[in-house]
Peer 1: 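Structure provided below as structure tokens; questions to follow.
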Amino acid sequence: MASTRSLVGLGLLLAWLMRFLPSQGILGRVIIQKSQLLRWEDSDYSNNDCVVEQTANGCEDVKIHFDSNTAFLACGDPKGRASWYPGAGRHDAKSRKDFREKLYKYDIKSKKTTELRIEGLGGDFVTHGIDVIAVPGDSSKVHILAVRHSRGDDAISIFEHTLGTDVVTLVKDVQHPTIKTPNGVVAIGPMEFYITNDHYYVSGVKRYLEESFGPWSWATNVVYCDASQAELQCREVAKGFVHANGIAANDGKVFVGDSQNATVSVFEIESDKSLKLDHRVALGAAADNIKVIPSNGDLVVAVFPTLENLPLYLDNTEKLGKDLLVPAAALRLRKSANYEPELLYKDSGAAISFMTAMAIDPYHGVAIGVGVLQYGGFAVCALGEETLKSLQ
């Protein structure tokens, strides 16, 4: 009890000190200017013909497996997340009834959505980021890597899936002290991956202080893990993010989005899987998940074109996309232009409000956008002819 009182007292002292701190530097605190986040606020809407899929709810992330024309989605319970969802700072486990969320697949050709039956995984499974990678030597199988939040320690769950079936089977549940607050995951091998941690503290008073008086330059990072051997190897490979969020990899590079300071950091992968910073791209909006367009190596970054009001969204999940519209946007970062951003998609929120990821299929001319807190958790949008031409 004394320890808790001391921390609360420290919090009050910090609150008073924050009135006098400079823009950044002391204690590693960072001040984000609104001008960094609102570049696209007044841009015209450019959404295409979108159909909201009602089968799945609360889809935080999506990854397309292009060889099978299949999108895999990590989805869940918007109402439950309003009570308990670590990435959103909600930790009221007593008010949440169900801690088993879902994986889905969407057949891009047939337009059919199917829930995947999860085998071999016990306990909590609350989803966040997801990635899919082929199994070497067997074109009929993929590994699905999914962030797994639980009331215990978080993990990265690695599942095997035979394409064309409705089942995923747990291969390995990867837990390690460096996997503290996982948000995004990207596979660079069937059992190798990078993750982002989006906070320093998991919960409790220290997490409250972190969220109340930050953001902090030291709080979030990127971790590399090799789970292919009997002895798990995980280590920090990049830090200095205000709020590390989405992550992707392509062509020897790793890309990390920051949802506080509105950047994408571009890293070179070194021989030991360490990351060497190449440069940072200013987006003009807070970044969430990042996807790669396979036809040209461009990036698609889901961003929030207006100032985020997460408590409002969490308290009104049943209204999102209906009575409560939250503008959604995605930027295209052209590889040929050193990943400079341009607006690819913007919507009032009538399709997907508070959109957290968008994946592009240039071969079938569709974009799939997802919303972490929306009932009717993803939308499939037809790409315009001019956009399609530019993707080839």
Peer 1: Check Asp131, Asp61, Asp298 against Lys291 for a salt bridge (charged side-chain N to carboxylate O under 4.0 Å, His left out) and give me the one that passes.
Peer 2: Asp61
Peer 1: May I ask you to decide if Phe213's main-chain N or O and Arg29's side chain share a donor-acceptor pair within less than 3.5 Å?
Peer 2: yes
Peer 1: Between Ile352 and Leu383, is there a shared hydrophobic cluster once you connect ILVMFWY residues whose side-chain heavy atoms come closer than 4.5 Å?
Peer 2: yes
Peer 1: Apply side chain to side chain contact (heavy atoms under 4.5 Å, CB included) to residues Phe241 and Val222 and explain how you reach the verdict.
Peer 2: CA-CA 9 Å; Phe241 306 96; Val222 175; 3.7 Å; yes
Peer 1: Any chain of hydrophobic side-chain contacts (each under 4.5 Å) joining Met191 to Ile269?
Peer 2: no
Peer 1: I'd like to know if Asp278 pairs up with Lys253 as an ion pair, taking the criterion as any Lys NZ or Arg NE/NH1/NH2 lying under 4.0 Å from an Asp or Glu carboxylate oxygen.
Peer 2: no
Peer 1: Between Pro341 and Arg39, what is the shortest heavy-atom contact and its length?
Peer 2: CG-NH1, 3.8 Å
Peer 1: How long is the straight-line distance from NZ of Lys141 back to NE2 of His161, given to the nearest 0.5 Å?
Peer 2: 11.5 Å
Peer 1: Answer with yes or no whether the hydrophobic clustering places Leu116 together with Ile118; edges join I, L, V, M, F, W, Y residues whose side-chain heavy atoms lie under 4.5 Å apart.
Peer 2: yes
Peer 1: May I have the list of side-chain donor-acceptor pairs in residues 69-78 shorter than 3.5 Å, sequence neighbours left out?
Peer 2:
residue: Thr70; atom: OG1; partner: Ser68; partner atom: O; Å: 2.9
residue: Thr70; atom: OG1; partner: Ser68; partner atom: OG; Å: 3.1
residue: Asp77; atom: OD1; partner: Lys79; partner atom: N; Å: 3.2
residue: Asp77; atom: OD1; partner: Gly80; partner atom: N; Å: 3.3
residue: Asp77; atom: OD2; partner: Gly80; partner atom: N; Å: 3.1

Peer 1: Under the side chain to side chain contact (heavy atoms under 4.5 Å, CB included) rule, collect the residues that match up with Tyr208, sequence neighbours excluded.
Peer 2: Ser212
Peer 1: So if I apply the side chain to side chain donor-acceptor pair (under 3.5 Å) rule between Asp154 and each of His128, Lys180, His149, His176, which one comes out positive?
Peer 2: His149
Peer 1: Check whether Val292 and Ile290 end up in the same hydrophobic cluster, where Ile, Leu, Val, Met, Phe, Trp and Tyr are linked by side-chain heavy atoms less than 4.5 Å apart.
Peer 2: yes
Peer 1: Using side chain to side chain donor-acceptor pair (under 3.5 Å) as the criterion, point out the one residue from Asp166, Thr114, Thr113, Thr165 that pairs with Lys105.
Peer 2: Asp166
Peer 1: Between Asp107 and Lys109, what is the shortest heavy-atom contact and its length?
Peer 2: OD1-N, 2.9 Å
Peer 1: In terms of side-chain geometry, is the basic nitrogen of Asp226 or Lys273 positioned less than 4.0 Å from the acidic oxygen of its partner?
Peer 2: no
Peer 1: Would you check if the side chain of Gln374 reaches a backbone N or O of Met355 as a donor-acceptor pair within less than 3.5 Å?
Peer 2: no
Peer 1: Any ion pair linking Glu210 and Lys206 (charged N to carboxylate O, less than 4.0 Å)?
Peer 2: no
Peer 1: Taking 4.0 angstrom as the limit, do Lys346 and Asp42 come out as a salt bridge?
Peer 2: no
Peer 1: Determine yes or no for a side-chain-to-main-chain donor-acceptor pair under 3.5 angstrom, with Glu115 supplying the side chain and Lys102 the backbone.
Peer 2: no
Peer 1: Can you name the nearest heavy-atom pair linking Tyr363 to Ser295, along with the distance?
Peer 2: OH-N, 3.8 Å
